[in-house]
Amino acid sequence: MHKRWRLDTQFGQEKIVMDDIKQLFSASAPFNERVDDMMTAVAEACLNAFEHGNRMRAEAHVLVEMTGQNDKILFRVTDEGTGFPYSPAMARERAAVPAAKNDSADRGWGVMLINNLADSVRTGFENDRFFMEMHFLLRERVHHA
């Protein structure tokens, strides 16, 4: 299974992908148990790509690619930004900082959310585009330590 979306950098475009994920997976077990996780994580990655990656530039686009194999689904969200170094520990550390001691208390929660919903996450660059990959295991949920 393979699907690709090209989104304008505009809030609300993430709903196109969310709707497609819901239609593709809601009715088919074992995929249906992960639909909400996939929709939420992919939407958050798209919103981050619009705002932080593409800096809301209308001429920039976000690409979302989905690849499915047997018991796992991979989503890759790419943007035209400079990216950031990601690690699960970074996401957990960000969540542990009390808002009163964090100058950017409203920042970083999306990455923590993605980290908690996906079974694994990785970032990198390919063809001068930053990407975030989110892997979802569809038959057995892996819980993060």
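- Counting only heavy atoms from C-beta outward, the side chains of F50 and M56 approach each other to under 4.5 Å.
- Counting non-hydrogen atoms of neighbouring residues, nucleotides and ligands closer than 6.0 angstrom, the CZ atom of R6 reaches no more than 12 such neighbours.
- Not a single donor-acceptor pair under 3.5 Å links the side chain of E44 to the backbone N or O of V42.
- The CG atom of L7 lies 10.0 Å from the CG atom of N54; values are rounded to the nearest 0.5 Å.
- In this structure a side-chain-to-backbone donor-acceptor pair under 3.5 Å is missing from T67 to H2.
- Side-chain atoms of D79 come within 3.5 Å of backbone N or O of G81 as a donor-acceptor pair.
- In the hydrophobic clustering of this structure, V17 does not group with L63; members are Ile, Leu, Val, Met, Phe, Trp, Tyr whose side-chain heavy atoms approach within less than 4.5 Å, directly or through other members.
- Closest heavy-atom contact between V62 and A49: CG2-CB, 3.6 Å.
- Of all heavy-atom pairs spanning A118 and F136, the tightest one is CA-CE2, 3.6 Å.
- Of all heavy-atom pairs between C46 and V64, the closest is SG-CG2, 3.6 Å.
- F11 approaches L47 most closely through the heavy-atom pair CD2-CD2, 3.5 Å.
- Between R76 and the choices R129, H135, E126, M132, the side chain to side chain contact (heavy atoms under 4.5 Å, CB included) rule is met once, by E126.
- Side-chain contact check for V121 versus E133: every heavy-atom pair is 4.5 Å or farther apart.
- W5 and L74 fall into different hydrophobic clusters, where Ile, Leu, Val, Met, Phe, Trp and Tyr side chains are chained together by heavy-atom contacts under 4.5 Å.
- Between D37 atom CG and L137 atom CG the span is 11.0 Å, to the nearest 0.5 Å.
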Practice problem: Walk me through it: do D119 and R34 pass the test salt bridge (Lys or Arg N to Asp or Glu O under 4.0 Å)? | Solution: CA-CA 11 Å; D119 294 302; R34 298 302 306 273; 2.7 Å; yes
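- In this structure, CG in N127 is found 9.5 Å from OG1 in T78, a value given to the nearest 0.5 Å.
- Residues M134 and L117 form no side-chain contact, since every pair of their non-hydrogen atoms from C-beta on lies 4.5 Å or further apart.
- Using a 4.5 Å heavy-atom cutoff, the side chains of F75 and M38 are in contact.
- Linking ILVMFWY residues whenever their side-chain heavy atoms come closer than 4.5 Å, directly or via other members, leaves V77 and F131 in distinct clusters.
- Judged by distance alone, the side chains of H61 and E80 never bring a donor and an acceptor atom under 3.5 Å apart.
- Side-chain atoms of T123 and F130, non-hydrogen and from C-beta on, do get closer than 4.5 Å to each other.
- Annotation for I73 and M66: closest pair CG2-CG, 3.8 Å, computed over non-hydrogen atoms.
- Inter-residue side-chain proximity for M39 and K22 is flagged as met; some heavy-atom pair is nearer than 4.5 Å.
- Separation of atoms CE (M18) and CG (D36) is listed at 8.5 Å; rounding is to 0.5 Å.
- Of the possible donor and acceptor atoms, none in the side chain of N115 sits under 3.5 Å from a partner among the backbone N and O of V111.
- From E14, atom CD reaches atom CG of D19 across 10.0 Å, with rounding to the nearest 0.5 Å.
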